[in-house]
Undergrad: 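Dropping a structure here in structure tokens format, bear with me for questions.
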Amino acid sequence: MKPIHALGTLFDRLYSDRNVARLERATMVAACTGFFVHLALIALSRHVPEAPAIVQGVGTSYFGAIYTPFSFILFYEVLMLVKVLPQSITTAIGKQFEILSLVTVRNVFKDIAELGDIEGWTDQPEALRVLLYDMGGAVAMFALVACFYHMRRKGRAIGGADRLSSFIALKKSIGVLLTALFVVMASVSLIGWAMAEIRGAGSPDVPGVDLDLIFFPDFFKVMIFTDVLLLIASFAITNSYRYVFRNAGFVISTILLRVSITAPTYYDLGAALIGMVFGITILAGFNYTTYVESRQSRQDGDEVE
């Protein structure tokens, strides 16, 4: 168990208040820098006809620049998911819901950029329909995330103090490994995207890279297996039916979130919303069974007295 506790100590250092504050500042600087650089490239693409093909590939809609800072903010939220992982499985699932809702908001800005200048929006009814669909999905997700957190309860600690401490240390060690994995995945995705853009610059035969398929499909796939691992590890704390069923239900929610990332338009938000509603329903059932068992325990105690 020593390596696990050593990783747990490393986790506490990585996600100390000071380091989280530094990460916040770095994210803000990166988001602002990326935003202005993207704006400058779009200006070059619009006003310099002889600009390199890779510059012209950024598009001509200034709205497209909004997509860039959101990408940095989303990666920050991924690391914050890792930070809250040791707190509770419910909190981590809620954070996954938040991340997917922000991905959907980012897609709204992507839709706006693809529509181009506002004056021509009405000439593209299908693209406008997709935009409105994504906007509606984003609002629905925001409401579902609020509902999920409203229903979340802080339950009493389960299991003995030693077993609970070991479980938390295990989750922290998983968090350290996830941090390293996500940084590597994000770096590889960024390099792969840049190389694909360079190869495809000025070549109409080379299809562009769909930014929605960079990093986040793999991220949710990793979270599926992480949730399963936590489900198995939770047996060391409790084998209570309601906890097992809740954690298994959360795994299903994560699978649906992963499906939504690569599903075709109109099916993507449907899968995401079903996944969120399923998770909320599971949480509602868990809360109810917890209340019933707690009430029954009090009644049994009164009868004994």
Side-chain angles (χ1 to χ4, degrees), residues 66-67 70-82 84-85 88-114 126-152 178 182 185-186 189 209-228 230-231 245-286:
I66 305 175
Y67 191 93
F70 254 85
S71 297
F72 289 105
I73 294 171
L74 274 168
F75 186 69
Y76 168 80
E77 291 296 330
V78 167
L79 294 181
M80 290 303 98
L81 165 62
V82 177
V84 303
L85 190 64
S88 74
I89 295 176
T90 305
T91 302
I93 292 297
K95 200 67 178 176
Q96 290 182 45
F97 288 177
E98 287 184 25
I99 290 171
L100 189 62
S101 67
L102 289 175
V103 169
T104 304
V105 171
R106 187 183 68 166
N107 288 343
V108 171
F109 291 119
K110 175 187 173 185
D111 295 339
I112 292 174
E114 291 178 349
E126 181 58 30
L128 187 58
R129 191 177 299 113
V130 172
L131 168 62
L132 295 176
Y133 183 72
D134 283 342
M135 289 173 61
V139 171
M141 287 183 185
F142 183 74
L144 290 173
V145 169
C147 180
F148 184 86
Y149 282 130
H150 177 73
M151 294 179 59
R152 185 187 61 181
L178 285 177
F182 288 152
M185 286 169 53
S189 297
V209 179
D210 188 347
L211 292 175
D212 293 337
L213 302 182
I214 294 178
F215 180 70
F216 285 100
D218 292 332
F219 159 73
F220 278 105
K221 188 181 296 183
V222 169
M223 290 311 304
I224 290 171
F225 292 104
T226 300
D227 292 343
V228 172
L230 293 176
L231 167 64
F245 194 91
R246 182 199 66 178
N247 295 347
F250 286 163
V251 173
I252 295 173
S253 288
T254 303
I255 292 173
L256 289 173
L257 298 186
R258 166 61 184 84
V259 169
S260 71
I261 294 290
T262 54
T265 303
Y266 300 121
Y267 290 97
D268 51 357
L269 289 181
L273 293 174
I274 291 173
M276 288 185 173
V277 170
F278 185 82
I280 291 172
T281 305
I282 289 292
L283 184 57
F286 174 82

Undergrad: So, for Val84 and Ala92, which heavy atoms are closest and what is the spacing to 0.1 Å?
TA: CG2-CA, 4.3 Å
Undergrad: Going by heavy atoms in the side chains, are Glu98 and Phe148 under 4.5 Å from each other?
TA: no
Undergrad: Please find the pair of heavy atoms, one from Gly137 and one from Thr104, that lie closest to each other, and give the distance.
TA: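 In this case the closest contact between Gly137 and Thr104 is C-CG2, 4.4 Å.
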Undergrad: Taking atom CD1 of Ile224 and atom OG1 of Thr254, what is their separation to the nearest 0.5 Å?
TA: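 Taking CD1 in Ile224 and OG1 in Thr254, the distance rounds to 6.5 Å.
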Undergrad: In Å and rounded to the nearest 0.5 Å, what is the OG1 to CZ distance from Thr226 to Phe219?
TA: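 Thr226 atom OG1 to Phe219 atom CZ measures 9.0 Å (nearest 0.5 Å).
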Undergrad: For Ala186 versus Phe75, what's the shortest heavy-atom pair and its separation?
TA: CB-CE1, 3.6 Å
Undergrad: Does the gap between the ring centers of Phe245 and Phe286 come in under 6.0 Å?
TA: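 Here the rings of Phe286 and Phe245 have centres that are no less than 6.0 Å from each other.
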Undergrad: So which atom in Leu100 and which in Ala272 form the shortest heavy-atom distance, rounded to 0.1 Å?
TA: CD2-CB, 3.4 Å
Undergrad: Would you call the rings of Phe70 and Phe109 parallel, tilted or perpendicular, taking 30° and 60° as the class edges?
TA: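 The rings of Phe70 and Phe109 sit tilted, inter-plane angle from 30° to 60°.
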Undergrad: Locate the shortest heavy-atom distance separating Asp227 from Phe250; write the atom from each residue and the value.
TA: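 Smallest interatomic distance, heavy atoms only, reads OD2-O, 4.3 Å.
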Undergrad: Quick one, Asn247 and Leu230 - any side-chain contact, counting heavy atoms below 4.5 Å?
TA: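 No. Closest side-chain heavy atoms not under 4.5 Å.
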Undergrad: Please tell me if the side chains of Phe216 and Val78 come closer than 4.5 Å, counting only heavy atoms from C-beta onward.
TA: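 They are in side-chain contact.
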Undergrad: Would you call Leu283 and Ile93 a side-chain contact if the rule is heavy atoms closer than 4.5 Å?
TA: no
Undergrad: When you compare the side chain of Val277 with that of Ile274, does any pair of heavy atoms fall below 4.5 Å?
TA: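 The answer is no, as the side chains (C-beta and beyond) never meet within the 4.5 Å cut-off.
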Undergrad: With sequence neighbours left out, which residue pairs that include part of residues 128-143 fulfil the side-chain hydrogen bond (donor to acceptor under 3.5 Å, both in side chains) condition?
TA: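 Every side-chain hydrogen bond (donor to acceptor under 3.5 Å, both in side chains) pair that includes a residue of residues 128-143, provided the two are not neighbours, is Glu126-Arg129.
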Undergrad: Phe97 versus Met141: any side-chain heavy-atom pair under 4.5 Å?
TA: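 No. Closest side-chain heavy atoms not under 4.5 Å.
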Undergrad: Keeping the roles fixed (side chain from Asn107, backbone from Val105), state whether a donor-acceptor pair exists under 3.5 Å.
TA: no
Undergrad: Which atom pair, heavy atoms only, marks the closest approach of Leu256 to Gly275?
TA: CD1-CA, 3.5 Å
Undergrad: Mind checking whether Val130 and Glu114 have side chains closer than 4.5 Å, heavy atoms only?
TA: no
Undergrad: Got a second to check how far Asp218's CG is from Ile261's CD1, nearest 0.5 Å?
TA: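 It is 10.5 Å, given to the nearest 0.5 Å.
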Undergrad: Holding to side-chain hydrogen bond (donor to acceptor under 3.5 Å, both in side chains), I want the full list of residues that pass it with Ser71, two or more places apart in sequence or in another chain.
TA: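 Expected list: Arg106.
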Undergrad: Looking at OG1 of Thr90 and CZ of Arg246, how far apart are the two atoms once the value is rounded to the nearest 0.5 Å?
TA: 4.0 Å
Undergrad: Counting distance only, does the side-chain N/O of Ser260 pair as donor-acceptor with the main-chain N or O of Leu269 below 3.5 Å?
TA: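 No: the side chain of Ser260 does not pair with the backbone of Leu269.
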Undergrad: What distance do His150 atom NE2 and Ile280 atom CD1 have between them, rounded to the nearest 0.5 Å?
TA: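 Going from the NE2 atom of His150 to the CD1 atom of Ile280 covers 11.0 Å.
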Undergrad: Mind checking whether Leu257 and Met223 have side chains closer than 4.5 Å, heavy atoms only?
TA: no
Undergrad: Is it true that, when you exclude Met135 itself, more than 12 heavy atoms of the residues, nucleotides or ligands shown sit nearer than 6.0 Å to its CE?
TA: no
